[in-house]
There are 2 protein chains.
Amino acid sequence: MECETKQFRQEHKKEMRAVQDSMDVLSGKWKIPIISSICFYNKRRFSDILNDVDGISNRMLSKELKELELNKLIKRTVLDTQPVTVQYQLTEHGRTLKTIIDNLTEWGIAHRKKIIGR
Amino acid sequence: MECETKQFRQEHKKEMRAVQDSMDVLSGKWKIPIISSICFYNKRRFSDILNDVDGISNRMLSKELKELELNKLIKRTVLDTQPVTVQYQLTEHGRTLKTIIDNLTEWGIAHRKKIIGR
DNA sequence: CAGGATCCTATACGATACTG
DNA sequence: CAGTATCGTATAGGATCCTG
């Protein structure tokens, strides 16, 4: 079978690494809900996200936002208000996640029907 | 802003739940590599997958395969050999993941370029 | 060969209190 | 308001050995 050749195996390894790169960024309990919140409202402040994302603590939110920023998915802007507020928005690169999130949404709905039946 | 209405918030919550349903199934270190291995080779035995997926232990593989089967993504077949071998393949439902995996692959490549630069 | 049992570690995550 | 610090728990996952 052709897919047993070394070249095919190599291709497969590359693919797997790429998928894992994506999952490293997106997995965990909070990343996608956070991105989803910022994306949905376009611009969103720390405390707003804290409210949008059900059950998250400020410690986690702070930590996750930092990682997302490191990954260049979101942009952090300190607003000149009293007291200080901070605004988050998706970068161009962050917005490229929309397709994936849409796919995951669709699949999640189908999967729930398949497994739980509603 | 329209998106602040209650209905929109409700829609958003539904979406987030759906995405999380997907992530519950796919996240973790091994699920996608395992699916990817089975998908790539169409039919694959336990020990083959153990070899395909770099670094996984038999304990983990066994555990993950069970969960994937519970989620109706793979089918387990005991072959009548001596000693017994077991074959795994994707179900129809499991095959619907291909789009997502392809998306994640593509995005992973782009993301790596963006962050690491190669 | 395909797992199960056991033990262990590391990390994710939660709760609460505090600060510029 | 937007975090940080500290502490505690739960779960994911690793290593090794065992069995039908």
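In what follows, every chain begins at residue 1, and chains take the letters A, B, ... in the order their sequences are listed. These numbers were taken from a predicted model, which means no experiment stands behind them.
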Check whether any side-chain N or O of B/K63 sits under 4.0 Å from OP1 or OP2 of C/dG3, and answer yes or no.
no
Plane angle bin for B/H12 and A/Y41 - parallel if under 30°, tilted between 30 and 60°, otherwise perpendicular:
perpendicular
Please state how far atom CD1 in B/I34 lies from atom P in C/dG3, giving the value in whole angstrom units.
12 Å
Give the nucleotide from the list D/dC1, D/dT4, C/dG3 with an atom nearest to the side chain of B/V86.
C/dG3
Quickly work out the A/E64 CD to C/dA12 P distance and round it to whole Å.
9 Å
Could you work out which one of C/dA2, D/dG13, D/dC1 sits closest to the side chain of B/R76?
C/dA2
Minimum side-chain heavy-atom gap B/Q20-A/I32 below 4.5 Å
yes
A/P83 side chain, from C-beta outward: closest of D/dT4, C/dC13, D/dC1
D/dC1
Side chains of A/L65 and A/R76 in contact at under 4.5 Å (non-hydrogen atoms):
no
Any A/Y88 side-chain N or O less than 4.0 Å from OP1/OP2 of D/dG3
yes
Check the distance between C/dA2's C1' and B/R44's CZ and give it to me in whole angstrom.
16 Å
Rounded to the nearest Å, what distance is computed from the CG atom of residue A/L61 to the P atom of nucleotide D/dA5?
16 Å
Between D/dC1, C/dA2, C/dC13, which one does the side chain of B/F46 approach most closely?
C/dA2
Report the relative orientation of the aromatic rings in B/H93 and A/W107; use parallel for angles under 30°, tilted for 30 to 60°, perpendicular for over 60°.
parallel
If each of A/R59 and A/T85 is mapped to the nucleotide of DNA chain D with the nearest heavy atom, which maps nearer the 5' terminus, i.e. the 5' end?
A/T85
Criterion salt bridge (Lys or Arg N to Asp or Glu O under 4.0 Å) against B/D54, the qualifying member of A/R17, A/K13, A/R9:
A/K13
So what does A/S47 touch, heavy atoms closer than 4.0 Å: a base, only the sugar-phosphate, or nothing?
sugar-phosphate
Does A/K29 place a side-chain N or O at less than 4.0 Å from the phosphate oxygens OP1/OP2 of D/dT11?
no
For atom CG of A/L50 and atom P of C/dG14, their distance in whole Å
12 Å
Check the phosphate of C/dA2 against B/S62, side-chain N and O only, distance under 4.0 Å to OP1 or OP2. Yes or no?
no
Within the structure shown, what part of the strands sits under 4.0 Å from A/S57 by heavy-atom distance: base, sugar-phosphate, or nothing?
nothing
Counting side-chain heavy atoms from C-beta on, which of D/dG14, D/dT4, D/dA2 comes nearest to A/N58?
D/dT4
Provide, to the nearest angstrom, the distance between the CD1 atom belonging to A/I49 and the C1' atom belonging to D/dA2.
11 Å
Nearest-angstrom distance from the residue atom CE of A/M60 to P of D/dA10
16 Å
Rounded distance in Å - CG (B/D24) to C1' (D/dT11):
14 Å
